[in-house]
Amino acid sequence: MWTLANQLGVVARAPAELTAALAADRRPITIVLPDLQDAADALVLADMAAALSRFEHVRVIVEATASSLAAVRLEDQVPAVMNLDHDQWTDPERLAAWQTARNKSVPLRTPSAEHAVSLDDPEDVCAADPITITARYESSNDEHGGMRTAWLRAGQSVLREPRPPARALAVLSALGDSADPRLKQHLTVLAADTDWSLVWNRVSGDIRPPWPGPALALALALATGHEVLAGTVLAADHQGVVRIISADSARASGRLPRPFAPIQALAALPDGTVLALDMQGRLTWQHSPAVRKPSGISALLDDGPTPVQQLIDTMSNHLAQAPGRALTATSHLLAVADDAGAVHAATLHQPADQPQTATLHEGPVTALAALDLDVSEDGIPVSLLYSGGADGHVRAWSPSRAALAPPVMQRPIPVTALAAMHTEDGPALAVGWGDGLVEHHTWNRGVTRVYRPGSPVRSLTATANGDLVVGCDDMLVCLHPR
């Protein structure tokens, strides 16, 4: 199934996830499942084929023996059946030639070397055939020190990556804290020849420190003047709970006092305000507990909405025509984007000004990221804004200038997340794609680094020192570019 998901350009770790992914993807698709009766999980695949066949844009072709349980399971779908035993589908001369060749003596096959590989040895496992290793792990009842769970969690990544070091990095990123500590040391050495070094990772089930939950949205806390928020990352889960975690170790230091409605995008402003776009596309906000509230006379004299709150109200009005889908903020800029392909941006230094708007995509804008540049115009800092869409385009725009006509990159895959950052080599942009690929582009050096966690990439953010944090349903990974 992982191979099928890779071919279709989606991330799916189970048949139900593949069915859901193809239900949302309306491209006409033909799926061929040969020799279904020989599959180890033939009935599971038959049920998946039956579910997929109900979609008008999906055609499923199944090859199976008529007496197999898989074929019987599909009979209720009223398929168009081609019985290859009928003479009308047989060329007598070619059949005779095939039978003659089949009856010739065939030398006995020696046992595959893959079955001599120890599933406890990371070096052997990462160098072996990943399909064979996956089948052996699936049929094993032993955890093999934690390698089995990590390998199966990395999933599609280990099948797609051709190089053992890249597979080692994927397994290392998926390794839980209950695994044999020697595995982490061994995998770190094996992954040395990759684009990344692992800073930390947290996976579902970790307790040292506790797993912070699915990271459906991430944001770097900008309020560096507040001790609680300094050097932290905000992570929102599927219930709208926003946790404050250390950017250095992922240790939790608290959470926002009130959960939001389920969140699809998150951002933080320098004054400690945390913004969220809920699943309905509405912009909401709250202050972190680290922000000091005015008291005494100052509270009496300044009891109206602050300039930032006024800007948030203005942005909400811009989303009245189309629901919001993406959100980002820097020390100088706030931007939101909507379902209609438009991006709205405003400077925090002049919140009374109307936001500037540019329509940059066909269809929904699915991700935003921004970077403050070391230049200014008329005393106002200049920011560079990146947007990614369901159209598979990534575009660059500075609100003080016209948007670049051609996209800075494009693929026939939706963009799921963006993060912009300053690194030792200059500005960099990380892009998460719907097929599970993460690309990290360093423009000044023309270097592109890649990473695949094996799970759907839900969110990205960058730490103050240029590390990349990747958020997934069951993993949270921090990487440092080499």
Side-chain angles (χ1 to χ4, degrees), residues 2 11-14 17 117-126 128 130 133-161 164-192 194 196-216 218 233 235 237-238 241 243 245-253 436 438 451-460 467-480:
W2 292 342
V11 181
R13 296 157 296 176
E17 290 187 357
V117 171
S118 170
L119 297 182
D120 298 314
D121 188 334
E123 185 172 4
D124 285 354
V125 165
C126 292
I133 295 300
T134 299
R136 291 185 61 194
Y137 274 136
E138 286 182 328
S139 61
S140 175
N141 294 322
D142 191 328
E143 271 300 304
H144 301 282
M147 276 292 294
R148 178 183 183 275
T149 297
W151 180 276
L152 296 178
R153 179 179 284 124
Q156 289 176 234
S157 181
V158 293
L159 262 63
R160 185 183 286 267
E161 295 291 0
R167 293 177 192 159
L169 177 63
V171 177
L172 176 63
S173 301
L175 200 65
D177 66 359
S178 61
D180 186 331
R182 293 172 295 182
L183 286 178
K184 183 175 183 179
Q185 299 170 9
H186 200 163
L187 288 166
T188 299
V189 174
L190 294 175
T194 63
W196 305 94
S197 60
L198 180 69
V199 180
W200 50 257
N201 73 312
R202 296 290 173 263
V203 302
S204 178
D206 279 358
I207 58 175
R208 299 186 305 270
W211 158 241
L216 300 190
L218 291 169
V233 169
D237 66 13
H238 59 293
V241 176
R243 292 176 173 82
I245 62 176
S246 167
D248 297 328
S249 64
R251 289 187 178 277
S253 58
V438 176
Y451 168 69
R452 292 182 183 273
S455 295
V457 178
R458 303 298 187 190
S459 55
L460 296 172
D467 293 342
L468 178 65
V469 182
V470 182
C472 305
D473 293 334
D474 57 354
M475 299 166 57
L476 187 62
V477 182
C478 183
L479 301 166
H480 183 74

Heavy-atom side-chain proximity of [X] to [Y] below 4.5 angstrom:
X	Y	answer
Met475	Asn201	no
Val117	Ile133	yes
Glu138	Leu152	yes
Val125	Met147	yes
Trp196	Leu468	yes
Leu190	Pro122	yes
Trp200	Leu479	no

Nearest 0.5 Å, what's the CG-CG distance between Asp473 and Leu216? 6.0 Å
Inter-residue atom distance Arg160.CZ - Arg452.CZ, 0.5 Å rounding: 4.0 Å
Would a distance-only check, ignoring hydrogens and angles, find a side-chain to backbone donor-acceptor pair under 3.5 Å from [X] to [Y]?
X	Y	value
Arg458	Val470	no
Ser140	Arg136	no
Ser157	Ala154	no
Ser459	Ala215	yes
Arg167	Ala128	yes
Arg243	Val233	no

Minimum heavy-atom separation for [X] to [Y], with atom names?
X	Y	answer
His186	Asp121	CE1-OD1, 4.0 Å
Leu198	Cys478	CD1-O, 3.6 Å
Ala179	Leu183	CB-CD1, 4.5 Å
Ser249	Arg202	O-NH2, 2.9 Å
Pro453	Val438	CD-CG2, 4.5 Å
Gly155	Val158	O-CG2, 3.0 Å

With sequence neighbours excluded, tell me which residues meet side chain to side chain contact (heavy atoms under 4.5 Å, CB included) with [X].
X	value
Val11	Gln156, Pro456
Pro210	none
Asp474	Arg13, Arg153, Ser204, Ser455, Cys472
Asn141	none

Let's go through Leu175 and Val203 carefully: what are the C-alpha distance in whole Å and the side-chain angles of both, what is the deciding distance for side chain to side chain contact (heavy atoms under 4.5 Å, CB included) to 0.1 Å, and is it a yes or a no? CA-CA 7 Å; Leu175 200 65; Val203 302; over 6 Å; no
For [X], side-chain hydrogen bond (donor to acceptor under 3.5 Å, both in side chains) partners two or more places apart:
X	value
Glu143	Thr149
Arg148	none
His480	Asp467
Trp151	Thr134

Could you walk me through whether Ser173 and Tyr451 pass the side-chain hydrogen bond (donor to acceptor under 3.5 Å, both in side chains) test, one step at a time? CA-CA 10 Å; Ser173 301; Tyr451 168 69; 3.1 Å; yes
Residue pairs meeting salt bridge (charged side-chain N to carboxylate O under 4.0 Å, His left out), one or both in residues 171-180, sequence neighbours left out, come to Asp180-Arg182
Would you sort out whether Leu172 and Thr188 count as a side chain to side chain contact (heavy atoms under 4.5 Å, CB included), showing the intermediate values? CA-CA 7 Å; Leu172 176 63; Thr188 299; 3.7 Å; yes
Could you walk me through whether Ile245 and Leu476 pass the side chain to side chain contact (heavy atoms under 4.5 Å, CB included) check? CA-CA 11 Å; Ile245 62 176; Leu476 187 62; 3.6 Å; yes
Considering residues at least two apart in sequence or located in another chain, which fulfil the ring pair (Phe, Tyr, Trp, His ring centres under 6.0 Å) criterion with His144? Tyr137
Any pair counted as side chain to side chain donor-acceptor pair (under 3.5 Å), so long as it reaches residues 206-216, sequence neighbours left out: none
Ser178 and Ile207: CA distance, side-chain angles, deciding distance, side chain to side chain contact (heavy atoms under 4.5 Å, CB included) verdict: CA-CA 8 Å; Ser178 61; Ile207 58 175; over 6 Å; no
